[in-house]
Amino acid sequence: MLRVNLASAMALTRSALPLLSAAPDASVVFTLDARGEHPRAYWGAYAAAKAGLSALAATLADEWEGRANLRVAAVVPGPMRTPLRMLTHPGEDRSALTPPEALVPLYLHLLGAQSKAESGARIDAQAWLAGQAASTPLVSPSTTGRP
């Protein structure tokens, strides 16, 4: 669980960092889960991995704040009609769930050439789909910057 949901994201980002740093405009987008922020019984390893991924995203947002060509964002998709959801919620009405393809425009926007001001955001995808305010900072303004 930790390898798939945290270590791999960290290793891929670290491996790609030389290319990202050399690019005139680069973006890294992580997919979080509410269980990482609000753990529940029986979600231990998954919740811990997603909490770690959230910490990684916040750390990169803080470290990359002064780098004009690098952006980082994190999306919390909410309940989605995915194979994982079918396994973890077998009795749920799937017809009410958002299909994953509904979030493609959000991910494309975040990976595209958007403003550096949008870097460091955690986006609630369900709020975004509803046309509501969806973005909160990954890093609290009072804690930005290195000591």
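All values derive from a computational prediction rather than experimental measurement.
- Environment of CE in M10: sparse, with no more than 12 heavy atoms of neighbouring residues, nucleotides or ligands closer than 6.0 Å.
- Here the CZ-OH distance, from R35 to Y42, works out to 13.5 Å after rounding to the nearest 0.5 Å.
- Here the closest heavy-atom approach between residue V139 and residue A58 is recorded as CG2-O, 3.0 Å.
- Atom CG in L6 sits 12.5 Å away from atom CE in M1 (nearest 0.5 Å).
- Taking Ile, Leu, Val, Met, Phe, Trp and Tyr as hydrophobic and joining them when side-chain heavy atoms fall under 4.5 Å apart, one finds V29 in a cluster with V75, M80, L103, L106, Y107, L110, L111, I123, W128, L129.
- Listed by first and then second residue, the salt bridge (charged side-chain N to carboxylate O under 4.0 Å, His left out) pairs involving residues 5-33 are D25-R71 (not counting sequence neighbours).
- Distance CG/L138 to CG/L60: 9.5 Å, rounded to 0.5 Å.
- Scored by the side chain to side chain donor-acceptor pair (under 3.5 Å) test, R122 finds E37, S54 as partners (sequence neighbours excluded).
- Residue P105 comes nearest to A102 through the heavy atom pair CD-O, 3.5 Å, listed as atom of the first residue, atom of the second, then distance.
- Under a hydrophobic clustering in which Ile, Leu, Val, Met, Phe, Trp and Tyr are joined whenever their side-chain heavy atoms come within less than 4.5 Å, directly or via other members, V4 and L53 fall into different clusters.
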**Criterion side-chain contact (heavy atoms from CB on, under 4.5 Å) on V72 and S27, from CA distance to verdict** = CA-CA 6 Å; V72 63; S27 183; over 6 Å; no
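- The side chain to side chain donor-acceptor pair (under 3.5 Å) search around R81 returns none, not counting sequence neighbours.
- In plain terms, the two heavy atoms of G36 and A51 that are nearest each other are O-CB, 3.4 Å.
- Looking at every heavy atom in both residues, P77 comes nearest to A125 through CA-CB, 3.6 Å.
- Annotation for K50 and N5: closest pair CE-OD1, 3.6 Å, computed over non-hydrogen atoms.
- T98 pairs by the side chain to side chain donor-acceptor pair (under 3.5 Å) definition with Q126, not counting sequence neighbours.
- A single hydrophobic cluster is not seen to contain both L2 and L12; linkage of ILVMFWY side chains at heavy-atom distances under 4.5 Å, directly or through other members, places them apart.
- Side-chain contact check for D93 versus S95: some heavy-atom pair is nearer than 4.5 Å.
- Heavy atoms only, all atoms of each residue included: P100 and T82 are closest at CG-CG2, 3.8 Å.
- Under the salt bridge (charged side-chain N to carboxylate O under 4.0 Å, His left out) criterion, R85 pairs with E92, not counting sequence neighbours.
- Put simply, the side chain of Y46 reaches to within 4.5 Å of the side chain of L84, judged on heavy atoms.
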